[in-house]
Visitor: 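Have a look at the structure that comes next, please.
Everything quoted here is computed from the prediction, not taken from an experiment. Start at 1 and go down the list; that is how both ligands and their atoms are numbered. Side chains are part of it too, since the values below use all heavy atoms of this structure and drop only hydrogens, waters and symmetry mates.
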Amino acid sequence: MVGASVAGCTAALLYGRAGLTVTVLEKARDASAFKGLCGHFVLGGTEAMLRRTGLWDLMVGAGAVAGGIERWTGTGWATPPPDAPEAISLRRERLDPLLRAVAADTPGVEIVYGAAVDGLLTGGGRVTGVRTRDGREFRGRLVVGADGYRSTVAGLAGAAVDTAPNNRFGMWAYYKGLPGASTRIWMLEPDVAITIRTDDDLTMLVAFPHKDRLPQFRADRATALESFVAALPDAPDLSGGERVSPVIGMTDYPCVRRDPTPAPGLVLVGDAALAGDPQPAVGCGWAFRAAEWLAAETVPVLRGDRRESRALAAYRRRLRFIVAHDRLARKAALAGPPDAVQRFLFRAAGGDPAVARRLYLLSMRAVPVGDVVNPWFLGRAALAVRRAPA
Ligand SMILES: Cc1cc2nc3c(=O)[nH]c(=O)nc-3n(C[C@H](O)[C@H](O)[C@H](O)COP(=O)(O)OP(=O)(O)OC[C@H]3O[C@@H](n4cnc5c(N)ncnc54)[C@H](O)[C@@H]3O)c2cc1C
């Protein structure tokens, strides 16, 4: 396993629980390293998986804040429907070391730090292991690339890559002393704003504006972020708050999809396989869920009970769930003129709670795209539009 973060640690602990032996190679020097460039808001579609694996309770125990998200769509607020799965937020400085501790405590799992992989070992027409920058070699029956957005492993294997533009950038900071703030998203077309309640009684203020606004943010990030948030409908009151972190973010983040099974003996998971637009906050959830799918499909191979080619084909089929969502997200990442279909659906949600519920579940990545993009649902939405308030 290359990479000890969300995807790598989750897959490793599941292989370990299945009685297998896993070596996780991590280029960071120790377990406290974490990914700074992440909003760590894990959507509700991942709740069931996190509960199944016991990670949910551990995250809550580490201070994570769980709940729903209210959505501003230009016509008013949509609130989370009853019984919808909950999202969860734990800063990566806590989440990453927690996942590493859980993985390392699992019998059969070893994490090796300071092991930056820069070569693949091959033999008999398949990938048989990896080499680290300092010349160590590790061999195994399956090599998993869980090494993130810029995946070295994928590059070494020559995995096919499909990229798409992202016309928004992202900037955020953490604030203390905003007791009235809640977890909310403003879909302002083309700009998006998000406030996230998280551990340690912090609120994260996030701006995902169109790139047209970059000069304003480059001039003075903190002032630009705060005036962006202050101008929102029903904006949180920042007057009693204190910014307790620098304003960080990214200015260009193209969407990437790679062939997840680029060579016999090698498979990719998490961002290494697919890293979409950060704005809808999907990446950690996809990494958790894909890691579970990968382990479910490949454990029988590693026990000698199933053909590898069948297992990897099954893993690819499971990833179709993510790819279908990613197709919609890529369209949204263009931040183009207001999308008529999206407006129609938002309007329909106002006229029928069942439509509103399904759309919420879609936004939480809790249902497949096909649950919304089908004639029955669109017909029901059309009836709901007639009943919706103007
Ligand atoms: C601006 C931004 C905001 C985001 N906000 C959210 C959000 O709110 N919610 C959400 O769900 N997702 C969000 N994401 C996405 C999320 O951060 C990623 O999808 C998630 O971290 C993917 O996990 P991963 O384990 O696949 O990769 P990573 O977390 O990137 O981990 C890769 C690991 O591999 C290690 N590694 C890399 N190369 C090597 C090598 N050669 N050898 C050994 N080890 C190596 C790294 O050190 C790291 O530990 C955001 C992303 C961005 C950019």
Visitor: For Ser5 and Arg92, test the side chains for any donor-to-acceptor distance below 3.5 angstrom and give the result as yes or no.
Guide: yes
Visitor: Applying a 4.0 Å heavy-atom criterion (strictly less than), which segment of Ala146 is in contact with ligand 1: side chain, backbone, both, or neither?
Guide: backbone
Visitor: Return the residue, atom name and 0.1 Å-rounded distance of the protein heavy atom closest to atom 52 (C) of ligand 1.
Guide: Leu37 O, 3.3 Å
Visitor: Please examine the side chains of Val117 and Asp147, heavy atoms only from C-beta on, and report whether any two atoms are closer than 4.5 Å.
Guide: no
Visitor: Geometry only, no angles: is Ser5 polar-contacting ligand 1 at N/O separations under 3.5 Å?
Guide: yes
Visitor: So which bit of Phe169 gets within less than 4.0 Å of ligand 1, heavy atoms only: side chain, backbone, both or neither?
Guide: neither
Visitor: For Ala287, is at least one N or O under 3.5 Å away from an N or O on ligand 1?
Guide: no
Visitor: With respect to Phe41, determine whether any N or O atom, backbone or side chain, lies less than 3.5 Å from an N or O atom of ligand 1.
Guide: yes
Visitor: Between the side chains of Tyr174 and Glu242, is a donor N or O closer than 3.5 angstrom to an acceptor N or O?
Guide: no
Visitor: Which residue holds the protein heavy atom closest to atom 7 (C) of ligand 1, what is that atom called, and what is the gap in Å?
Guide: His40 N, 3.3 Å
Visitor: Taking ring-ring contact (aromatic ring centres under 6.0 Å, His included) as the criterion, tell me which of Phe208, Phe169, Trp172 meets it with Phe217.
Guide: Phe169
Visitor: Could you list the atoms of ligand 1 found under 4.0 angstrom from a heavy atom of Trp172?
Guide: 1 (C)
Visitor: For His210, does its backbone N or O pair with a side-chain atom of Asp191 as donor and acceptor, under 3.5 Å?
Guide: yes
Visitor: Cut-off 3.5 Å, side chains only: do Tyr15 and Thr21 have a donor facing an acceptor?
Guide: no
Visitor: On a heavy-atom basis, I'd like to know which of Met250, Glu26, Arg92, Met1 is closest to atom 35 (C) of ligand 1.
Guide: Glu26
Visitor: How does Tyr253 reach ligand 1, if at all, at less than 4.0 Å between non-hydrogen atoms: by side chain, backbone, both, or neither?
Guide: side chain
Visitor: Quick one: which ligand 1 atoms are inside 4.0 Å of a heavy atom on Lys35?
Guide: 16 (C), 17 (O), 18 (C), 21 (O), 29 (O), 30 (O), 51 (C)
Visitor: Give the single entry among Ala275, Gly8, Pro278, Ala4 that approaches atom 2 (C) of ligand 1 most closely by any heavy atom.
Guide: Pro278
Visitor: Indicate yes or no: does Arg150 engage Asp271 in a salt bridge with an N to O separation below 4.0 Å.
Guide: no
Visitor: Salt-bridged, Lys176 to Asp201, with N to O below 4.0 Å?
Guide: no
Visitor: I'd like to know whether Asp252 forms a salt bridge (Lys or Arg N to Asp or Glu O under 4.0 Å) with Lys211, so could you lay out the CA-CA distance, the side-chain angles of the two residues, the decisive distance to 0.1 Å, and finally the verdict.
Guide: CA-CA 9 Å; Asp252 186 35; Lys211 281 182 180 169; 2.7 Å; yes
Visitor: Considering heavy atoms of the protein only, find what lies nearest to atom 40 (C) of ligand 1 and give residue, atom and distance to 0.1 Å.
Guide: Val117 N, 3.7 Å
Visitor: If the cut-off is 4.0 Å to any non-hydrogen atom of Thr152, which atoms of ligand 1 fall inside it?
Guide: 41 (N)
Visitor: Distance under 4.0 Å to a non-hydrogen atom of Gly285: what atoms of ligand 1 satisfy this?
Guide: 11 (O)
Visitor: Please indicate whether any nitrogen or oxygen in Val269 is less than 3.5 Å from any nitrogen or oxygen in ligand 1.
Guide: no
Visitor: Closest non-hydrogen protein atom to atom 15 (C) of ligand 1, residue and atom name please, with distance?
Guide: Gly283 CA, 3.8 Å
Visitor: Indicate yes or no: does an N/O atom of Lys27 lie under 3.5 Å from an N/O atom of ligand 1?
Guide: yes
Visitor: Could an N or O of ligand 1 be found under 3.5 Å from any N or O of Asp271, whether backbone or side chain?
Guide: yes
Visitor: Which bit of Leu25 is near ligand 1, meaning a heavy atom under 4.0 Å away: side chain, backbone, both or neither?
Guide: backbone
Visitor: To the nearest 0.5 Å, what is the distance between SG (Cys9) and CG (Asp96)?
Guide: 8.0 Å
Visitor: Would you call Arg258 and Asp162 a salt bridge, using N to O less than 4.0 angstrom?
Guide: no
Visitor: Would you say Thr195 and Arg184 are linked by a side-chain donor-acceptor pair, where the criterion is simply a distance under 3.5 Å?
Guide: no
Visitor: Side chain, backbone, both or neither: which applies to Met171 and ligand 1 if a contact is any heavy-atom pair less than 4.0 Å apart?
Guide: neither
Visitor: Who's the nearest protein heavy-atom neighbour of atom 25 (O) of ligand 1, and how far?
Guide: Ala7 N, 2.9 Å
Visitor: Between Asp277 and Arg330 (salt bridge meaning N to carboxylate O under 4.0 Å), is one present in this structure?
Guide: no
Visitor: Between ligand 1 and Val2, is the shortest N or O to N or O distance under 3.5 Å?
Guide: no
Visitor: List in chain and number order the residues that pass ring-ring contact (aromatic ring centres under 6.0 Å, His included) with Tyr149, two or more places apart in sequence or in another chain; answer none if no residue qualifies.
Guide: Tyr253
Visitor: Is it the side chain, the backbone, both or neither of Val6 that has a heavy atom closer than 4.0 Å to ligand 1?
Guide: both
Visitor: For Ala115, counting its heavy atoms only, list the atoms of ligand 1 lying under 4.0 Å from any of them.
Guide: 42 (N), 43 (C)
Visitor: If you have a sec, work out which protein heavy atom is nearest atom 36 (N) of ligand 1 and how many Å separate them, to one decimal?
Guide: Asp147 CB, 3.9 Å
Visitor: Please report which non-hydrogen protein atom sits nearest to atom 11 (O) of ligand 1, along with the residue it belongs to and the distance in Å to one decimal place.
Guide: Cys284 N, 2.7 Å
Visitor: Does the side chain of Thr261 pick up a donor-acceptor pair with the side chain of Arg316 at under 3.5 Å?
Guide: yes
Visitor: In terms of residue, atom name and distance, what is the protein heavy atom nearest to atom 14 (N) of ligand 1?
Guide: Cys38 SG, 3.7 Å
Visitor: Taking only non-hydrogen atoms of Gly170, do any sit less than 4.0 angstrom from ligand 1?
Guide: no
Visitor: Quick one: does ligand 1 sit under 4.0 Å from the side chain of Val282, the backbone, both or neither, non-hydrogen atoms only?
Guide: backbone
Visitor: Which atoms of ligand 1 are found less than 4.0 Å from any heavy atom of Ala116?
Guide: 42 (N)
Visitor: Inspect the surroundings of CZ in Arg310 and state if more than 12 heavy atoms from other residues, nucleotides or ligands are less than 6.0 Å away.
Guide: no
Visitor: Below the 3.5 angstrom mark, is there an N/O of Gly39, backbone or side chain, next to an N/O of ligand 1?
Guide: yes
Visitor: Flag the pair Arg94 and Asp199 as a salt bridge only when some basic side-chain nitrogen lies within less than 4.0 angstrom of an acidic carboxylate oxygen.
Guide: yes
Visitor: Should you measure from each heavy atom of Arg100, which atoms of ligand 1 turn up under 4.0 Å away?
Guide: 49 (O)
Visitor: For ligand 1, which atoms sit closer than 4.0 Å to a heavy atom of Gly270?
Guide: 26 (O)
Visitor: Taking only Lys NZ, Arg NE, NH1 and NH2, and the carboxylate oxygens of Asp or Glu, determine whether Arg126 and Glu308 approach each other closer than 4.0 Å.
Guide: yes
Visitor: Can you say whether the rings of Trp286 and Phe321 are parallel (under 30°), tilted (30 to 60°) or perpendicular (over 60°)?
Guide: perpendicular
